2 protein chains.
Amino acid sequence: MSAQIAALLRRAILTGELEPGAQLVESALAISLGASRGPLREAMRQLVDEGLLVSVPYTGTRVVDISIQDINDIYAMRTCLEQFAFQQIWEQRDEAFKAELLLRNEALKAAIDQADDVGSIEAELDLHGLAYELAGNRILLNSWISLRGHLQMYWASHHRAHGMRGPKRESHDDYVRHALGPSLQAMQDELRDHMRRGLETTKAFVEARTQTKAEDS
Amino acid sequence: MSAQIAALLRRAILTGELEPGAQLVESALAISLGASRGPLREAMRQLVDEGLLVSVPYTGTRVVDISIQDINDIYAMRTCLEQFAFQQIWEQRDEAFKAELLLRNEALKAAIDQADDVGSIEAELDLHGLAYELAGNRILLNSWISLRGHLQMYWASHHRAHGMRGPKRESHDDYVRHALGPSLQAMQDELRDHMRRGLETTKAFVEARTQTKAEDS
DNA sequence: ACATTGAAGATTGTCAACAATAATATATCA
DNA sequence: TGATATATTATTGTTGACAATCTTCAATGT
C-alpha cells in the first residue's frame, strides 16, 4: 500500500501535477486515497528522503521548490557522472547498445512530434539514462535516478506553469553520434558542451521569467 | 522522536554494534527504546532509504550486508566524485583549507596512536570529507555522506568481527601533500592510486578471510 | 524416508483515536 | 490605532489494538 502511494505521489510530483511549494495535508490526502494516515506518512517520508518533498515538524510537508543554485549543482554532477558512465562502458559498447541508443533517440523525436511535452522530457531523460544503466554500478544508477527525478520535476512544473518548451527534435543527434563514435575524448567533450548548453537554456528561461514577473508587479 | 531514533540506530550500525545481517524486530526494539512502533518504523524506513537497512515485506528488516561488488562500485564512485570535488575547489584553496586539512590528518594520526580503530575510521573519512564539504555542491555532499556511511559500516563491522586493521599512520601523507601542492593533475593521479590501494587492501583482507573460512569447514 | 499439507507462531502492515505543537484570529489594553 | 496576550483552529506526532502475511514445524499420506 505505502509503496503504491509513494509511486502515485511521485508521479504526480514528477509530472508537475503537484506544483512546487504545494502543501500535502495528511488527513485530506489519506481520505482521497482511501487509505489511512499511517501508510501515507510512510510514503511521504520516503519522498522526503528522495528529496521530492520537504517537511517541517508540526507544520507540514510541501513539494520542494528547486532553486537555480540546485540546478547548477545538478548539471555539474550530471556532467561528472555521465562522463564517468561512458568511461565505464566505452569498451563494451556492442550492437545492442547502439540499437537501443538509436531507439531511444527515435522515441524522443516521436514524443516531440506529438507535441507531448511531459513525454518528451521523460524520453530525453531515458536517452541519457542508458549509459548509467549499462555501467553496472548500482550506486551510480541510484545517483542518476535521484538527479533525474529533480530535473523532471523542475522541467515539468515550469512547462505546466510557465510554458517552458520541451527539448528540440535534433537536440540529441550530436550526443548519439559521438556516443557511437570511436573517440571517448570526443564524447567527453560533447557531454561537457551538451550540459553547458542545457544549463544555459534552462537558466535563460528562468531569468526571462523572473524579469517578466518583475515587470508585472 | 523518530529523528533521534534514526540517529541512534545509524550510529549503532555505523560503529558495527549492529552487525550486517542482524534483524531488527520492531516490537522488541520499540520497547527497548521506550517508544512506540510508529516512530520506530519511520526511523527504520529512513535508514532503508539511506541504504543502511534492507526490508522485505511482512518478513523483517535487517542491516545490509555489503558485497565485494558493492565495495568495487563504491570505490569507483569515490574516485570519480573526489576527483570532481578537488577540481571544483582547486582554485579556491586558501590558508584555512590547508590548515584544516593538516588538522584532520593530525587527528587521524592521533586516533591511530591511541589504537582507537573506530575513531581512526571516522577520522580517515573526515579527512576525505573536507574536499566534498568545500565544493559547495549539496548533491555532491549528499552522495559522499551516503558512500561514507557504507564504507564506515563495512570497515567497522569487519574490524569488530574479523580483526581488520584500521588505516596506517602515514597512509594519507601523500594525499595531503598533493592536495596542498601546485598540480591538480598530480592530485587526480594520487587520488586514483590512493583509491586503488585502498580497494586492494580491502579486497585482500576479505579474500584472505573467505579462504580461512573455507579451511575451517 | 520423502514430499505435501495444514496449523501455529512470529512479524510486519493498517487503522482510528488521542496528544502535542504551530499558525491564525480575536480580544484587550495602552 | 497599534501592539500584545490569549483563545481557537488546523496540522502533525504518537499510541495501542487489530488485520494480513510469511515462516516454521509437525502431522499425514505415499
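Letters A, B, ... are given to chains in the order of the sequence lines, protein chains preceding strands, and every chain is numbered from 1. Quick caveat, the model's predicted, so the values are computed rather than measured.
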Between dT12(C) (C1') and Leu53(B) (CG): distance, integer Å: 15 Å
Contacts of Ser120(B) that satisfy side chain to side chain contact (heavy atoms under 4.5 Å, CB included) - sequence neighbours left out: Ala111(B), Ile112(B), Pro167(B)
Arg45(A) CZ to dT14(C) C1', straight-line distance once rounded to whole Å: 19 Å
Interatomic distance where CZ belongs to Arg62(A) and P belongs to dA23(C) [whole Å]: 11 Å
Candidate pair Arg104(B) and Glu133(B), rule salt bridge (charged side-chain N to carboxylate O under 4.0 Å, His left out), full reasoning: CA-CA 13 Å; Arg104(B) 295 193 186 188; Glu133(B) 292 165 20; 3.1 Å; yes
Qualifying residues under salt bridge (charged side-chain N to carboxylate O under 4.0 Å, His left out), relative to Arg45(B), sequence neighbours excluded: Glu42(A)
Can you give me every donor-acceptor pair (side chain of residues 2-12 of chain B, partner residue at least two apart or in another chain, under 3.5 Å) with its distance?
unit_1, atom_1, unit_2, atom_2, d
Arg10(B), NE, Glu50(B), OE1, 3.0
Arg10(B), NH2, Glu50(B), OE2, 2.9

Sequence-aligned protein contact record of nucleotides 13-21 of chain D, with B where the base is within under 4.0 Å of a protein heavy atom and S where only the sugar-phosphate is: BBBB---BS
Any residue meeting salt bridge (charged side-chain N to carboxylate O under 4.0 Å, His left out) with Arg169(B), in chain and number order, not counting sequence neighbours: Asp113(B)
Atom pair distance, as rounded to whole Å: CD1 in Ile31(A) and C1' in dA10(D): 14 Å
Paired and unpaired positions of DNA chain D as dot-bracket, Watson-Crick or G-U wobble under 3.5 Å, | denoting a partner strand: ||||||||||||||||||||||||||||||
Ring pair (Phe, Tyr, Trp, His ring centres under 6.0 Å) contacts in which one or both residues fall within residues 24-72 of chain A, not counting sequence neighbours: none
Gln23(B) CD - dA10(C) P separation (whole Å): 13 Å
Which donor-acceptor pairs under 3.5 Å do side chains of residues 25-38 of chain B form with protein atoms, sequence neighbours excluded?
unit_1, atom_1, unit_2, atom_2, d
Glu26(B), OE1, Arg37(B), NE, 3.0
Glu26(B), OE1, Arg37(B), NH2, 2.8
Glu26(B), OE1, Arg41(B), NH1, 3.4
Glu26(B), OE2, Arg41(B), NH1, 3.1
Ser32(B), OG, Leu29(B), O, 3.0

Pairs involving residues 103-130 of chain B, ordered by first then second residue, that meet ring pair (Phe, Tyr, Trp, His ring centres under 6.0 Å) (sequence neighbours left out): His128(B)-His172(B), His128(B)-Tyr175(B), His128(B)-His194(B)
Sugar-phosphate, base or nothing in reach of Leu24(B), heavy atoms under 4.0 Å: sugar-phosphate
